[in-house]
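Notes follow the structure.
Numbered from 1 within each chain, the chains take letters A, B, ... in sequence-line order. It should be emphasised that the depicted structure is a prediction, and the values quoted were computed from it without experimental measurement. Note that these values count all heavy atoms, side chains included, but never hydrogens, waters or copies made by symmetry.
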Amino acid sequence: MLTAKREQIYLEIVKVLKRAKADGQLQFTEIPDFTVEVPREKAHGDFATNVALLLSKTECKAPRQIAQIIVDNFSSGVEQLEKIEIAGPGFINFYLASGWLYQILPLVINEDEKYGCSNFGGGERIQVEFVSANPTGLLHMGNARGAALGDTLSNVLEAAGYEVTREFYINDAGNQIENFGKSLEARYLQLLGQEVGFPEEGYHGEDIIETVKNIITEVGDQYLELESGLRREFLIQKALQEKLSKIKKDLVQFGVEYDVWFSEQSLHDSGAITRTIEALQQKGFVYEQEGALWLKTTAFGEEKDEVIVRSNGLATYFAADIAYHQNKFERGFEKVINIWGADHHGHVARMKGAIQALGYEPEKLQVILMQLVRLFRGPEIVRMSKRSGEYITLAELVEEVGRDAARFFFVMRSPDSHLDFDLDLAKKESADNPVYYVQYAHARINSILLASTEKLASAAEIDFTLLTEAEELALIRKIAEFPDEIVGVAANYEPHHLTRYAHELASLFHSFYNSCRVLTDEKPLRQARLYLVNATRITLRNVLGLLGVSAPERM
RNA sequence: GUGCCCGUAGCUCAGCUGGAUAGAGUAUUUGACUACGAAUCAAAGGGUCGCAGGUUCGAAUCCUGCCGGGCACGCCA
């Protein structure tokens with residue numbers, strides 16, 4: 001609705017500009033990249049454009065003078081356009097006939113759970129890789145943030161018309177797995193009464209002990225007889241299985257389900273890494289030095305080259321990740337999004353370089369870096385240490401504050417911002433908790449609809465022009481913005497705008513509720529307001545759905 | 001030392017592809033429940049947008065330098 005109207009205005013302006021140029025009133029050689037947007041201030045009309053300001057330089061005229069030329073040439077190509085005004089330094093404000101927005105309401109009701117969806121993405125295939133935690137432990141707050149962001153972004157991309165694949169890359173290879181094996185073995189032997197030391201760099205967490213206890217319950221002491229290498233391998237297999245199923249379960253509890261779980265080890269086993277390295281060699285980006293193979297990432301602006309095969313013959317994590325990305329592109333994804341912790345930022349440029357070396361456009365890879373999460377209980381910071389295994393896990397978080405609050409809080413902030421997560425606030429069932437604020441609006445609507453015993457009237461029976469209060473119009477406008485909002489989030493990868501939108505929508509509803517009685521005695525007005533309330537309900541429910549937050553009917 | 005992120009109201013943060021009077025929540029103060037849920041609403045106060053220059057009709061937004069905080073700089077992942 002908004003989009004269509006904006007386009008109409010935009011095209012009309014372009015027409016006017018061309019005509020003015022043909023008449024010699026304007027001299028520009030190229031139409032500048034101007035905008036038509038909904039102004040922040042209501043007093044500035046329904047839409048506004050900055051085109052006159054942008055033209056002022058090339059025209060050598062005052063912006064307001066140019067605006068006047070445009071306004072004078074404006075014809076009636078835009079329906080419902082009531083008034084055009086020049087304002088401020090040279091903005092042109094467009095005022096539409098009051099009530100032009102009413103058309104959005106029947107549309108919302110008809111589209112229902114599809115309201116907000118569009119075909120912006122045109123069915124393009126896009127892959128979102130997120131969390132991708134080491135399967136050697138449990139999910140921590142950083143993983144949780146990634147899970148909330150990745151899943152919400154995926155939901156939004158789907159709503160915007162992309163075909164999305166959610167993927168978890170399992171780091172089940174390399175040194176950490178070695179290390180994991182040593183830790184498991186030490187615990188195994190200790191639990192069976194042997195006096196052995198624990199590896200300095202090992203995984204000290206309690207959860208490893210639990211895992212080993214479970215293994216002992218299953219296999220008893222029969223691994224004691226085995227040669228150490230074999231014993232570790234068995235322990236690793238068992239433990240990985242258990243850890244992964246726990247990770248999966250915890251993510252499901254968090255509302256996150258993946259389409260693909262991709263094993264790093266499988267890239268080693270299948271020879272994919274070798275093939276990728278050969279491809280890079282063929283293109284001349286690989287050389288040998290001091291027994292190792294290096295990738296010439298300096299060819300793509302990096303400060304130094306990177307090792308892809310160590311002198312001990314083992315491929316590095318980087319090599320595996322390159323093979324993984326090649327695999328992604330071979331599967332036909334047109335765009336690939338990775339959500340990584342900020343501690344991996346050094347990896348971004350070289351990954352893009354590697355992609356370029358393979359002959360793909362580096363822009364196809366989009367990395368969202370997220371800053372760290374700090375946990376608080378009120379003013380007290382919650383100290384955590386991954387090394388010692390003392391940290392709060394995703395499962396514990398969901399247990400403590402609930403999935404709704406957790407997901408909302410993680411998405412609330414820009415990924416670029418450090419996130420201070422206050423457990424006390426997230427648990428609070430009160431006004432200062434933004435999750436409840438939004439959910440409350442939904443529950444409240446539901447109880448109005450319950451209280452009204454009559455059947456909702458159809459759009460044809462309703463006189464929408466009765467909705468004239470400022471609160472009503474503001475609410476309708478916000479509802480109308482929803483599809484645009486989704487496209488914006490999908491285009492710029494900014495899921496945090498969604499929580500903001502949800503809050504604003506709820507807020508406008510509460511204001512409306514407090515100033516306009518819905519269940520009034522005047523039937524036509526009551527029907528119109530009930531219709532608006534129902535449209536609000538649908539929009540709220542849909543935005544909460546994208547966030548992975550429930551829309552309760554009662555609280 | 002080099003690279004990336006951050007610095008906006010007392011606090012937590014939006015706004016950053018340049019646009020009109022810099023916003024929200026919270027906290028503080030004051031009002032509103034004998035009608036649809038007060039987990040709500042209405043209103044007030046609160047700002048050198050880290051500092052200094054520059055670019056231009058216009059800068060929180062772009063550029064340069066500096067200050068403060070975080071992260072990363074491995075034949076780890």
Measure the distance from OH on A:Y513 to P on B:C36 and round it to the nearest whole Å. 6 Å
Nucleotide of B:A38, B:A14, B:A20 approaching A:H44 most closely (side-chain heavy atoms): B:A20
Indicate the ring-plane relationship of A:Y501 and A:F482, choosing parallel, tilted or perpendicular according to the 30° and 60° boundaries. parallel
Atom-pair distance (CZ on A:F47; C1' on B:A20), nearest Å: 18 Å
Side-chain N or O of A:S511 closer than 4.0 Å to phosphate OP1/OP2 of B:A42: yes
Separation of A:L498 atom CG from B:A14 atom P, in whole Å? 15 Å
From the options B:G37, B:A20, B:C36, select the nucleotide whose nearest atom is closest to the side chain of A:M555. B:G37
Please determine, for the side chain of A:H496, which listed nucleotide (B:A38, B:A14, B:G25) has the closest atom? B:A14
Between A:R444 and A:Y513, is NZ or CZ placed under 6.0 angstrom from the six-membered ring centre and within 45° of the ring axis? yes
Residue whose nearest RNA chain B nucleotide is more 5′ - A:R444 or A:S414: A:S414
Holding to side-chain hydrogen bond (donor to acceptor under 3.5 Å, both in side chains), I want the full list of residues that pass it with A:D343, two or more places apart in sequence or in another chain. none
Only stems of 3 or more consecutive Watson-Crick or G-U pairs count here, both distances under 3.5 Å; name the ones for RNA chain B, or none. B:1-7 with B:67-73, B:10-13 with B:23-26, B:28-32 with B:40-44, B:50-54 with B:62-66
Can you tell which of B:A14, B:C13, B:C36 lies closest to the side chain of A:A451? B:C36
With A:K364 via salt bridge (Lys or Arg N to Asp or Glu O under 4.0 Å) - residues at least two apart: none
Using the test salt bridge (Lys or Arg N to Asp or Glu O under 4.0 Å), find all partners of A:R413 that sit at least two apart in sequence or belong to another chain. none
Quantified in whole Å, what is the P atom distance between nucleotide B:G10 and nucleotide B:C49? 12 Å
Applying side-chain hydrogen bond (donor to acceptor under 3.5 Å, both in side chains), name anything that partners A:T468, two or more places apart in sequence or on another chain. none
Contact list for residues 175-184 of chain A, test side chain to side chain donor-acceptor pair (under 3.5 Å), sequence neighbours left out: A:N134-A:Q176
Protein proximity profile, nucleotides 67-77 of chain B - base contact B, sugar-phosphate-only contact S, no contact -, cut-off 4.0 Å on heavy atoms: ---SBS--BSB
Please tabulate the protein-to-nucleotide N/O contacts below 3.5 Å involving nucleotides 43-46 of chain B, giving atom names and distances.
none

Anti versus syn assignment for B:C16, with syn defined as within 90° of 0: anti
Axial cation check for A:F318 ring with A:R350, 6.0 Å and 45° limits: yes
Can you work out whether A:H510 or A:L53 has the more 5'-proximal nearest nucleotide on RNA chain B? A:L53
By ring pair (Phe, Tyr, Trp, His ring centres under 6.0 Å), A:Y324 pairs with (sequence neighbours left out) A:Y169, A:F262
Could you tell me how far apart A:L419 (CG) and B:C6 (P) are, to the nearest whole angstrom? 15 Å
At less than 4.0 Å, is any side-chain N or O atom of A:S417 found next to OP1 or OP2 of B:A14? Yes or no. yes
Aromatic-base stack, A:Y437 on B:A39, cutoff 5.5 Å, angle under 30: no
Could you measure between the two C1' atoms, the one in B:C16 and the one in B:C5, and give it in whole Å? 14 Å
Counting only side-chain heavy atoms from C-beta out, which of B:A14, B:G25, B:C6 sits nearest to A:H497? B:A14
Footprint string (nucleotides 27-35 of chain B, 5' to 3'): B base within contact, S backbone only, - free, heavy atoms under 4.0 Å: --------B
Suppose we screen for side-chain contact (heavy atoms from CB on, under 4.5 Å). Which residues come up paired with A:Q366, at least two apart in sequence or across chains? A:I337, A:Y493
Atom CG of A:N492 with >12 non-hydrogen neighbours under 6.0 angstrom: yes
With salt bridge (charged side-chain N to carboxylate O under 4.0 Å, His left out) as the test, would you mind laying out the steps for A:E85 and A:K83 before giving the verdict? CA-CA 7 Å; A:E85 239 175 38; A:K83 188 169 68 161; 3.3 Å; yes
Could you tell me if the ring centre of A:Y437 sits under 6.0 Å from that of A:H503? yes
Measure CZ/A:F408 against C1'/B:U12 and give the value in whole Å, please. 14 Å
Report the distance from atom CG of A:N433 to atom C1' of B:U12, rounded to the nearest whole Å. 13 Å
May I ask you to decide if A:A48's main-chain N or O and A:N93's side chain share a donor-acceptor pair within less than 3.5 Å? no
Using atom P of each nucleotide, how far apart are B:G3 and B:U40 to the nearest Å? 47 Å
Name all residues meeting the side-chain hydrogen bond (donor to acceptor under 3.5 Å, both in side chains) criterion together with A:K328; count only those two or more places apart in sequence or in a different chain, and write none if there are none. A:Q127, A:E129, A:H325, A:N338
Let's go through A:K523 and A:E454 carefully: what are the C-alpha distance in whole Å and the side-chain angles of both, what is the deciding distance for salt bridge (charged side-chain N to carboxylate O under 4.0 Å, His left out) to 0.1 Å, and is it a yes or a no? CA-CA 11 Å; A:K523 190 174 179 195; A:E454 67 194 314; 5.0 Å; no
A:H503 NE2 - B:C13 P separation (whole Å): 16 Å
Figure out the CD/P separation between A:E504 and B:C41, and round it to whole Å. 13 Å
